[in-house]
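Every chain is numbered from 1 and lettered A, B, ... according to where its sequence line falls, protein lines coming before strand lines. All heavy atoms count here, side chains included; hydrogens, waters and symmetry mates do not. In this text the structure is predicted, and so the values were computed from the model without any measurement.
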Amino acid sequence: MAMMDRVVVFFDLETTGLDTSRCEILQLAAISDDRRFNVFISPCRDIDEGASRVNGFTTHGHGSDPRSLQLHGQPVDAVPPMRALADFIDFLSSFQAPLLLAAHNARAFDVVVLTRNLQRCSLMPRFLEVSGGWFLDTLQLSRELWSLKSHKLKDLVSHFLNMPFNAHDAQEDVRVLQELYMKWKPNQAVVQSCTFSPAGR
DNA sequence: TGCCAGGCCCTCTTTAGGGCCTT
């Protein structure tokens, strides 16, 4: 599987918390070159206090009804998970090329949450058909490439890039992740070693 | 009721524990 021939799509999730077996997606952003995707999602559960603190999302509503979503106190246009994930799949299908989906800590967090939420919406088959289901973990990649004390996205940005950065805004996170990748110029072997497929799980 | 993550990596390791990283 030649990963270097693939179009790399960087993506990031903001969620209701860190528990990958329960959390819901609040924001899904992606970027590949100049092509961008972003969507906000109405969750059906409360946002953990710690998550609200770092990502700025709050909800209004209760019970099992979808909540209205606010970002830093301002209402955002949020859609149901099914609609958001279907739109993401449409975005991916527009590339009409083999893809490699990259995220920071993808293996332990983003891919686990994304695939669980896709499965819940019965969208996993279509997602795999469109995306190919290959993922790159940029946290693992950073650890393979560089000997650094911290491989947090925020610290990588301040170490490698001289650009302003709003951590925990998914659109900002994917933008800097792409910038880091372009700066690093990783070779095929190391990219391959940090690539995985959760299909069949 | 009360609880509340978990995969990966490192090492004072493998009969384990702790820190990193994601929200």
Review point. dC8(B) P sits how many Å from D137(A) CG, rounded?
Key: 10 Å

Check your understanding: Hydrophobic cluster mates of L139(A), side-chain heavy atoms under 4.5 angstrom, ILVMFWY only, any path?
Key -> none

**Study point:** Between P of dC21(B) and CG of D19(A), the distance in whole Å
**Key:** 20 Å

Point to revise | Connected-component partners of I47(A) among ILVMFWY, side-chain separation under 4.5 Å | key: L26(A), F40(A), F57(A), L69(A), L71(A), V76(A)

**Study point:** Touch class at under 4.0 angstrom, heavy-atom based, for D110(A) against every strand present
**Key:** nothing

Check your understanding: Which whole-number value in Å describes the distance from D155(A) CG to dT22(B) C1'?
Key -> 14 Å

Exercise for review: Quickly work out the N55(A) CG to dC21(B) P distance and round it to whole Å.
Suggested key: 19 Å

Exercise for review: Send over the distance from L139(A) CG to dT23(B) C1', rounded to a whole Å.
Suggested key: 15 Å

Review point. Can you tell me how far C1' of dC8(B) sits from CZ of F196(A), to the nearest Å?
Key: 12 Å

Point to revise | Whichever of H151(A) and S21(A) has its nearest DNA chain B nucleotide further upstream toward 5' | key: S21(A)

Practice item. Take the angle between the ring planes of W184(A) and F160(A) and call it parallel below 30°, perpendicular above 60°, tilted in between. Key: perpendicular

Check your understanding: Distance between the C1' atoms of dC3(B) and dC9(B), in whole angstroms?
Key -> 28 Å

Study note, to complete from the structure: Walking DNA chain B from its 5' end, the first of K152(A) and E144(A) to be reached, judged by nearest nucleotide, is E144(A)

Review point. Taking atom C1' in both dC12(B) and dA16(B), what distance in whole Å separates the two?
Key: 11 Å

Review point. What is the distance, rounded to the nearest whole Å, between atom NE2 of H168(A) and atom C1' of dC21(B)?
Key: 10 Å

Review point. Strictly by modelled atom types, are N117(A) and E24(A) linked by a side-chain donor-acceptor pair under 3.5 Å?
Key: no

Study note, to complete from the structure: Winner on side-chain proximity to D12(A), out of dT23(B), dA5(B), dG7(B), is dT23(B)

Review point. What does L153(A) touch in the nucleic acid at a heavy-atom separation under 4.0 angstrom: a base, only the sugar-phosphate, or nothing?
Key: sugar-phosphate

Review point. On a whole-Å scale, what distance lies between the P atoms belonging to dT13(B) and dG18(B)?
Key: 14 Å

Review point. In whole angstrom, what separates K154(A)'s NZ from dT23(B)'s P?
Key: 13 Å

Check your understanding: Of the nucleotides dT23(B), dC21(B), dC9(B), which has the atom closest to the V54(A) side chain?
Key -> dT23(B)

Exercise for review: Taking atom CZ of R45(A) as the centre, report whether more than 12 heavy atoms of other residues, nucleotides or ligands fall under 6.0 Å from it.
Suggested key: yes

Point to revise | Gap in Å between the two C1' atoms, one belonging to dG7(B) and one to dT1(B), rounded | key: 30 Å

Practice item. Could you tell me how the ring of F91(A) sits relative to the ring of F95(A): parallel (under 30°), tilted (30 to 60°) or perpendicular (over 60°)? Key: perpendicular

Revision key, fill the gap. Considering only heavy side-chain atoms of R107(A), the closest of dG6(B), dT23(B), dC8(B) is dC8(B)

Study note, to complete from the structure: Ranking dT22(B), dG7(B), dC20(B) by distance to the side chain of N105(A), first place goes to dT22(B)

Review point. dG2(B) and dC10(B): how far apart are their C1' atoms, nearest whole angstrom?
Key: 34 Å

Review point. Base, sugar-phosphate alone, or nothing: which one does D173(A) contact when heavy atoms must sit under 4.0 Å apart?
Key: sugar-phosphate

Check your understanding: On a whole-Å scale, what distance lies between the C1' atoms belonging to dT23(B) and dG6(B)?
Key -> 13 Å

Revision key, fill the gap. Out of dT22(B), dC21(B), dG6(B), minimum distance to the side chain of L18(A) belongs to dT22(B)

Revision key, fill the gap. Quick note, S150(A) side chain, CB onward, closest among dC21(B), dT23(B), dC9(B) is dC21(B)

Review point. Touch check for I47(A), heavy atoms < 4.0 angstrom, all strands: base, sugar-phosphate only, or nothing?
Key: nothing

